[in-house]
Peer 1: 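Before anything else, here's the structure in question.
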Amino acid sequence: MVRQKNLTKIDYVASLMGAMMLVCFWLIVATLPDFFFINPVGVNSEIRRAELVLSTIGWLLLSTGAPLCLFLYSAGIHKARKFLPITALWWPISLAISQVTVYILDGAFYLDYLLNYPIFIFTDIILPIFVMMLWHDLRDEKPLVVHEDARDL
């Protein structure tokens, strides 16, 4: 009997990646809570309040929703894969909308936080791209069929 390595099982790899995403993101939140826990009531503008609520939903989806989808996928609920784009893109899209609104209100983008705190390059750019790559790789496809004529090539 040949033992199959766990790293060759897609379900195992998906759950492992979900666990790493969950731990990494929540360690960042625990290290820099002021960047994530913002009171929307403390803002005068109605638009900014709504954006802060949407961005809070976004980072919760990315930090917890994406790993949960991967855990469900690993448990055999493969339909959870279809929610990965929402969990991945809500946060960066809400940040982009927020940046545009701040530019309209204040006349300046506030992107210097990416240089001052480079860990946010991970949460705001790399992790959403990573989740989208996972979503793409976990898609259900028909297996590749090799035609008789192609075998001679």
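The chain is numbered in sequence order, starting from 1.
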Peer 1: What's the spacing between Y73 OH and I10 CD1 if we round to 0.5 Å?
Peer 2: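 Reported value, rounded in 0.5 Å steps: 6.0 Å.
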
Peer 1: With heavy-atom distances below 4.5 Å as the criterion, would you say the side chains of S98 and S55 are in contact?
Peer 2: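 They are not in contact (no side-chain heavy atoms under 4.5 Å apart), so the answer is no.
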
Peer 1: Should we count CG of L111 as having more than 12 external heavy atoms under 6.0 Å?
Peer 2: yes

Peer 1: Establish whether L54 and Y103 are linked, either directly or via other cluster members, by ILVMFWY side-chain heavy-atom contacts under 4.5 Å.
Peer 2: no

Peer 1: Let me check something: do L60 and L68 share a hydrophobic cluster, defined by ILVMFWY side-chain heavy atoms less than 4.5 Å apart, either directly or through other members?
Peer 2: no

Peer 1: Provide the closest heavy-atom pair for P128 versus A88 in the form atom of the first, atom of the second, distance.
Peer 2: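 Of all heavy-atom pairs spanning P128 and A88, the closest is CB-O, 3.3 Å.
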
Peer 1: Look at the side chain of S15 and the backbone N and O of Y12, then say whether any donor-acceptor pair between them is shorter than 3.5 Å.
Peer 2: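 Yes; at least one donor-acceptor contact below 3.5 Å.
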
Peer 1: If two hydrophobic side chains count as joined below 4.5 Å and joins carry through other members, does I97 share a cluster with Y110?
Peer 2: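 No.
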
Peer 1: Taking the side chain as C-beta and beyond, is there a heavy-atom pair between F25 and V29 under 4.5 Å?
Peer 2: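 Of all side-chain heavy-atom pairs linking V29 with F25, at least one is under 4.5 Å.
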
Peer 1: Do I126 and I121 come close enough that some side-chain heavy atom pair is under 4.5 Å?
Peer 2: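 The answer is yes, as the side chains (C-beta and beyond) meet within the 4.5 Å cut-off.
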
Peer 1: Taking the six-membered ring where the residue is Trp, are the ring centres of F35 and Y117 under 6.0 Å apart?
Peer 2: yes

Peer 1: Might you confirm whether atom CZ of F71 has over 12 heavy atoms from other residues, nucleotides or ligands at distances under 6.0 Å?
Peer 2: yes

Peer 1: Could you check if a side-chain atom of H136 sits within less than 4.5 angstrom of a side-chain atom of L84, using non-hydrogen atoms only?
Peer 2: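 Counting from C-beta outward, H136 and L84 never come under 4.5 Å.
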
Peer 1: Got a sec: does the OH of Y113 have more than 12 other heavy atoms crowding it under 6.0 Å?
Peer 2: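 Atom OH in Y113 is crowded, with more than 12 foreign heavy atoms closer than 6.0 Å.
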
Peer 1: Which distance, rounded to the nearest 0.5 Å, do you find between the CD1 of I86 and the CG of L62?
Peer 2: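 If I round to the nearest 0.5 Å, the distance is 13.0 Å.
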
Peer 1: When you group the ILVMFWY residues by side-chain heavy-atom contacts below 4.5 Å and let the links chain together, are W90 and L72 in the same group?
Peer 2: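 No: no chain of side-chain contacts under 4.5 Å links L72 to W90.
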
Peer 1: Tell me whether V100 is reachable from I38 by hopping between hydrophobic residues (I, L, V, M, F, W, Y) whose side-chain heavy atoms are closer than 4.5 Å.
Peer 2: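 No, no single cluster joins them.
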
Peer 1: Please report the shortest heavy-atom distance between T87 and C69, naming the atom on each side.
Peer 2: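 The pair with the smallest heavy-atom distance is CG2-SG, 4.3 Å.
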
Peer 1: If you round to the nearest 0.5 Å, how far is CE of M20 from CG of L127?
Peer 2: 11.5 Å

Peer 1: Does L134 reach the side chain of M21, with side-chain heavy atoms less than 4.5 Å apart?
Peer 2: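 A side-chain contact under 4.5 Å exists here.
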
Peer 1: Do I28 and F36 come within less than 4.5 Å of each other through their side chains, counting heavy atoms only?
Peer 2: yes

Peer 1: The test is side chain to side chain contact (heavy atoms under 4.5 Å, CB included); show your working for H78 and L138 and say whether it passes.
Peer 2: CA-CA 9 Å; H78 290 178; L138 295 176; over 6 Å; no

Peer 1: Taking V41's backbone N and O only, do any of them form a donor-acceptor pair with N39's side chain (distance below 3.5 Å, no angle check)?
Peer 2: yes

Peer 1: Are W59 and F37 close enough that their ring centres sit under 6.0 Å apart?
Peer 2: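 Yes, the ring centres sit under 6.0 Å apart.
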
Peer 1: Just one of T123, I119, L27 clears the side chain to side chain contact (heavy atoms under 4.5 Å, CB included) bar with L32, so which one?
Peer 2: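 Running side chain to side chain contact (heavy atoms under 4.5 Å, CB included) over T123, I119, L27 with L32 returns exactly one hit, I119.
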
Peer 1: Considering only heavy atoms from C-beta outward, does the side chain of E46 approach that of R49 to under 4.5 Å?
Peer 2: yes

Peer 1: Identify the two heavy atoms, one from L52 and one from P40, that lie closest to each other, and give their separation to 0.1 Å.
Peer 2: CD1-CA, 3.9 Å

Peer 1: Show your reasoning for whether side chain to side chain contact (heavy atoms under 4.5 Å, CB included) applies to E51 and V43.
Peer 2: CA-CA 11 Å; E51 288 173 348; V43 178; over 6 Å; no

Peer 1: Pair F109, V102 - check side chain to side chain contact (heavy atoms under 4.5 Å, CB included), show working.
Peer 2: CA-CA 7 Å; F109 288 110; V102 167; over 6 Å; no

